[in-house]
Amino acid sequence: MLNSPHYEEVEQPNLHEIDNAIMKIIGEMKMNSMFDKETIKYLTSGQTYRVGRLYLLPKIHKLNEQLITNVRHGACNELPIMPPGRPIISQIGTPAERIGHYCDYFLVPIVRMQNTYIKDTSDFINKIESLKLNPDCLLKTYDVTSMYTNMTFDELLNAVGRSYNEHTLQSQLELNCPTKQNMLDLLKIILENNYFEFNGKHYRQRIGAAMGAVPSPEICDIRMYEITNAMMSQFQYREKIAFHGRYRDGGFIIYNGTLQEANHLFEIGTAIHDLLKFTYEISETEMTFLDTTVFKGNRFSTQNVLDIKTHMKKTNNFQYLHRESAHPTSVFKGFIKGECYRLLRNTSDNSVLDSALQSFNDKLMLRGYCETETIPIIQEVKHKIRKDLLKPKSAKQRKEKHILVTKFDPRIKGIKKRLMKNWKLISEDSLLKTIFQSAPMIAYKKHQNLGDILASSIVY
């Protein structure tokens, strides 16, 4: 790490100095009446800060396919090589955490206004299924290698500055928008103070946005949008692009042209930026994007609308929550229903859906479930209307409600039922009825397990 262009070893950072820099800007904004009471309370309430923590998310799917197969079938008990990892700098508890949430609130609408923006899988499916396409169209996906760690601080801040307009944003948001200068000053502190602890030493990320910082996805999205727009403006066959959508560092393109023309687009992309590199795949028949496989199937042959099914990674071992684990019954039912909904949402062909649901049920049997509990849930989901699952969800106004938090114990059942049976005692008490105006929601938090005991959040 000492020789890395992305990280440098530093002395123990002065967290109070970072916090003071943030509080100075917040103080100036407060003087200009930029905050409501709740926001200023959130941003200035006393905290004990710590340095960020580095951890890695292993990219198992990047390993050699033969090696993955050997591990799955027991021919290899341990990996002979370390899989590549995605470095995450957790900023929980750091001076930049709360101000990062605040800044992100104003950056998200900017990203959503991009014409290539894809919110999630449902949004992607809706966009794809609205298109009637040329039978010979090409399907393309691309990925920006290490996008977060290969953009300089200055280019990220300049991109935000070019896209940020507080007057346009104010009409979409409830909170008062900070001025452009306030926003850039706060983001500069967040980007330049990516301190973290690793192996007992302190480091700072000196280029790019830290994966783990709340506003990093939006900051990088804003700059990446500029780069892809520059690519398209230089691409002489851009009128042949039938669709272009992007989710973070990955994109999906439908192209009405030749393979040679399609390759040229990414040659432009690699030449535009000194550090960013594009990897891509092109197919005439099917392509994977997000958790879907988009392909030319029965619907495409009759309606010229692409077919869709759920994509399962080769590294997926389907280690679903075991039925004998200590969880409330609602948790088992909830995850089964949720996965069935996902399969229904992602699948355009009923015969493919039936096969996917049967495969899911078979794998549940291997995890200790019985069909008397799985089949009714599966049948219930099959009667749902797929279009309803693809409708954009409107934000629901939540009523404030007390929550009774406890730890789950399978030996203690019917807490909610017992509470409601004796609720009259609370509702008739002169003091308690003013505190608990309605019955609380019952929520469970997990017990400490072996993983919590044996694993450390500090990487050595």
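Since the model is a prediction, treat every value here as computed from it, not as a measurement.
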Check: [X] side chain, [Y] main-chain N or O, donor-acceptor pair, under 3.5 Å:
X: His322; Y: Ser325; answer: no
X: Lys337; Y: Val381; answer: no
X: Thr347; Y: Leu344; answer: no
X: Ser355; Y: Val352; answer: no

(request) Not counting sequence neighbours, which residues clear side-chain contact (heavy atoms from CB on, under 4.5 Å) with Lys391? List them please. (result) Asp388
Identify whether NZ of Lys or CZ of Arg in [X] sits under 6.0 Å from the centre of the six-membered ring of [Y] and within 45° of that ring's axis.
X: Arg246; Y: Tyr117; result: no
X: Lys407; Y: Tyr444; result: no
X: Lys30; Y: Phe35; result: no
X: Lys363; Y: Phe318; result: yes

Using 30° and 60° as the class limits, which term best fits the ring planes of [X] and [Y]: parallel, tilted or perpendicular?
X: Phe360; Y: Tyr320; value: perpendicular
X: Phe252; Y: Phe124; value: perpendicular
X: Tyr42; Y: His101; value: perpendicular
X: Phe266; Y: Tyr280; value: parallel

List the atom of [X], the atom of [Y], and the distance in Å for their closest heavy-atom pair.
X: Phe153; Y: Asn194; value: CE2-ND2, 4.4 Å
X: Arg204; Y: Tyr195; value: CD-CE2, 3.6 Å
X: Glu286; Y: Phe295; value: CB-CB, 3.4 Å
X: Pro178; Y: Met34; value: CA-CE, 3.5 Å
X: Pro95; Y: Ile22; value: O-CD1, 3.4 Å
X: Pro87; Y: Tyr7; value: CG-OH, 3.6 Å

(message) Atom CD of residue position Glu17 - does it have more than 12 heavy atoms of other residues, nucleotides or ligands inside 6.0 Å?
(response) no
Using a strict threshold of under 4.0 Å (side-chain N to carboxylate O), is an ion pair present between [Y] and [X]?
X: Asp307; Y: Lys296; value: no
X: Lys240; Y: Glu261; value: yes
X: Glu129; Y: Arg386; value: yes
X: Arg345; Y: Asp120; value: no

(message) Using 0.5 Å steps for rounding, measure from the CG atom of Asp154 to the NZ atom of Lys188.
(response) 6.5 Å
